[in-house]
Number of protein chains: 2
Amino acid sequence: MAERKVTSLDVAAKAGVSQSAVSRVFTPGASVSKKMSEKVRAAADELGYRPNVLARSLITGRSRIIGLVVAYLENQFYPDALERLSNALQEQGYHILIFMASGTGEGVDRVIDELLDYQVDGIITASVGMTDEIAARCDAAGIPVVLFNRGQEDLRLSEVTSDNVAGARKIAEFLVAGGHKRIGHITGWTGSSTGRDREAGFRSGLAEAGVEPAIVLDGHYRRAEAATAARAMVEQAQVDAIFVGNDHMAFAVMDELRVSMGLSVPDDVSIVGYDDVPLAAWASYQLTTLRQPSGRMVEATVSALLERIAAPDTPPRKIAIDGPLIIRSSAHVPEGWA
Amino acid sequence: MAERKVTSLDVAAKAGVSQSAVSRVFTPGASVSKKMSEKVRAAADELGYRPNVLARSLITGRSRIIGLVVAYLENQFYPDALERLSNALQEQGYHILIFMASGTGEGVDRVIDELLDYQVDGIITASVGMTDEIAARCDAAGIPVVLFNRGQEDLRLSEVTSDNVAGARKIAEFLVAGGHKRIGHITGWTGSSTGRDREAGFRSGLAEAGVEPAIVLDGHYRRAEAATAARAMVEQAQVDAIFVGNDHMAFAVMDELRVSMGLSVPDDVSIVGYDDVPLAAWASYQLTTLRQPSGRMVEATVSALLERIAAPDTPPRKIAIDGPLIIRSSAHVPEGWA
DNA sequence: GCTGCTTTTGCACAGGTATGCAAAACGGTG
DNA sequence: CACCGTTTTGCATACCTGTGCAAAAGCAGC
């Protein structure tokens, strides 16, 4: 009952030609006469033949598989990016082998090893870093890596982020112009480049206006910690505005302030996020936030990756894409900023 | 500069043994002496050797890759399920090749063909159906398929859903007990089994209490259509409660009613959803909803799939898992239901 | 029909691994 | 040491395809 797999040899026999002829018919750009092509395709269709991609990769050395490592999908930014990435790569004939790396460090390395076992043509990590050792491994194996939404000093790795420093600076200007006097910041995880860059940009933006942040707490990109931090900021530091390190946390902050504490956003406290995930535009939140242009970030990621797959000698690229501030109603809007 | 890939032959040469010995050392359950194992592993470590999974699958006929087809990731239920699926399969040594099939029908078939090209060991589709033809193809190729959160009459396909009929009936009872007189229903897409089953269960639950739905409109599982439908229900049919076909649409409905129309939920209109995605528990929504136990659904999906991979003669299974009604504050709570 | 040129085809091999089978090594007993 | 039963090892082959090379076929012109 287990139907034997139909191979190119079966097709060749049926069509009365050689196996290599069959192979050529299914290899774009190979030399085949029209008559041969028709004969072979007819036989193939009849038998239901399709080339075995795995066997093909074994000989070409290209699997057309891209490994994707992602930490968690709770933050809507990542499923959104995943969907775009998958579509973009599918269009180029590549496919995504997906791995969850819940932890950082240890777990990630094991996961990347498994990816390499699958002979992937390239690796994308979403908001996940790599150890030096594993970066060296990928480099030695000739497999290009692109960090998506995460930076790392390593020169062997490409990276695509938004311009976090400039973006956060823009937010600082916006809040200062809004007349806020006591401004707090809930950082993303300070162990991540995005978290650090946004904090740095924000501080420098404030400093330019001669302002100090009233209070800065680490939110670790987690809802619960962000909510706790927000409460502390209001109760202990009397902030009138908070820049939250990403939208995902900002929603928790808004919930905590409005629902649990009975405050008004933005009348009592202005909230600004970072990412502009789809949720930010929902009527319940109307979050003012800095947009990470995920469409363009994905484009850049894909082209940086494919470029290095096609020409391995191309040096890795570090790309930072600028994004606009999307003004909604979670923060007081200064004159002339509408 | 392109480092040659290190193969089992290289390791064999270095360790002074045969290639088959190396293979056996890396094949669990093969006959190898302790000394041999140590010698080979030492050489392998030194060279950085890891078995080529693709070459292995070519000969074993098992790729340890599972194909996952998913329509869209905007509804939080799916990223959540994807994360669980990936973790569960990873634990069993399987990995996920992911495909987006935005459209239905035509597009899905092409995508599944591509999956088959990759010699996947099994296929999971999330909220995506299959044509007869492609189901036959998978069956002929001996590749088990599990429909996740979607039913289909086809006997060759396994399926795992929540018990949509019973769940929706529970919701009907709840709303009737709550004293609602004019109850509306925004269906999920009526072209899907989940949409139809929920509608049927809901209608039968109402009927049992001698109640007719005041109005039923198709929301197509889309936010915009659900919002429009909700407005129509209130303005034209004066409903005092709406059962919305899934949480994803329910959030849009709540936004429309509360923010755009200035109504109170649940004082003016009670809202009940279906899924219990994480968002439903957020303070801004506090959505009363029927929980689809995604943890157990994923477990069932994985075991149904692996079971058929291990023993191809096992018949496909149709599994419907019961879920509890999670009572929060988006709907009036009848006496004794707390 | 013959020559020279271009296109098409077949042959044979390679890519990296797992596995059946037979030969070799091992270990214990008399 | 010879014997026999059990492990362990190596040899050879298979999995399915792409591709370099040489042979064959096609074609145009005389």
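Residue numbers start from 1 in every chain, and the chains themselves are labelled A, B, ... in the order their sequence lines are given, proteins ahead of strands.
Close to dT17(C), at under 4.0 Å from its OP1 or OP2, lies a side-chain N or O of S8(B). The side chain of Y118(A) contributes no N or O atom lying less than 4.0 Å from OP1 or OP2 of dG16(C). Remark: S33(B) is in phosphate contact with dT9(D), judged by side-chain N or O atoms under 4.0 Å from OP1 or OP2.
Remark: D113(A) engages R137(A) in a salt bridge, criterion side-chain N to carboxylate O under 4.0 Å. Ion pairing between a basic and an acidic side chain is recognised when a charged N comes within 4.0 Å of a carboxylate O; R317(B) and E307(B) show such pairing. The pair K14(B)-E46(B) meets the salt-bridge criterion, since a charged nitrogen lies less than 4.0 angstrom from a carboxylate oxygen.
There is no side-chain donor-acceptor pair under 3.5 Å between Q90(B) and H95(B).
The structure places CZ of F77(A) at 5.5 Å from OG of S294(A), a figure rounded to the nearest 0.5 Å.
You'll find that the side chain of V32(A) is closest to dT9(C), out of dG18(D), dT17(D), dT9(C). Checking dT17(D), dA14(D), dG18(D) against the side-chain heavy atoms of I59(B) singles out dA14(D) as nearest.
Atom CZ of F26(B) is separated from atom P of dG16(C) by 16 Å (rounded to the nearest Å). One can place CZ of R50(A) at 12 Å from P of dT17(D), the figure rounded to the nearest angstrom. For the pair D10(A) CG and dC15(D) P, the interatomic distance rounds to 11 Å; values are reported in whole Å. When the C1' atom of dT13(D) is taken as reference, atom CG of L58(B) falls 13 Å away, rounded to whole Å. The CD-P distance, from Q119(B) to dC15(D), rounds to 14 Å in whole Å. Computed from coordinates, the L54(A) CG to dG18(D) P distance equals 12 Å when rounded to whole Å. A straight line from NZ of K34(A) to P of dT7(C) spans 17 Å, rounded to a whole angstrom. Taking atom CG of L9(B) as the reference point, atom P of dA12(D) lies 14 Å away to the nearest angstrom.
A cation-pi arrangement, defined by a distance under 6.0 Å to the six-membered ring centre and an angle within 45 degrees of its axis, is present between R41(B) and F26(B).
Of all the residues in residues 13-25 of chain A, Q19(A), S20(A), S23(A), R24(A) reach under 4.0 Å from DNA chain D with at least one non-hydrogen atom.
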Which pairs, protein N/O on one side and nucleotides 22-25 of chain D N/O on the other, fall under 3.5 Å?
none

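Side chain of R308(A) to main chain of T314(A): a donor-acceptor pair is present (N/O by atom type, distance under 3.5 Å, no hydrogens or angles). A donor-acceptor pair under 3.5 Å is formed between the side chain of N164(A) and the backbone N or O of S162(A).
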Inset, instruction - For the pair N52(A) and Q119(B), evaluate side-chain contact (heavy atoms from CB on, under 4.5 Å) and give the outcome as yes or no after the intermediate values. - result: CA-CA 7 Å; N52(A) 180 331; Q119(B) 313 295 116; 3.4 Å; yes
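Each of M36(B) and A55(B) lies near DNA chain D, and the nucleotide nearest M36(B) is the one positioned closer to the 5' end.
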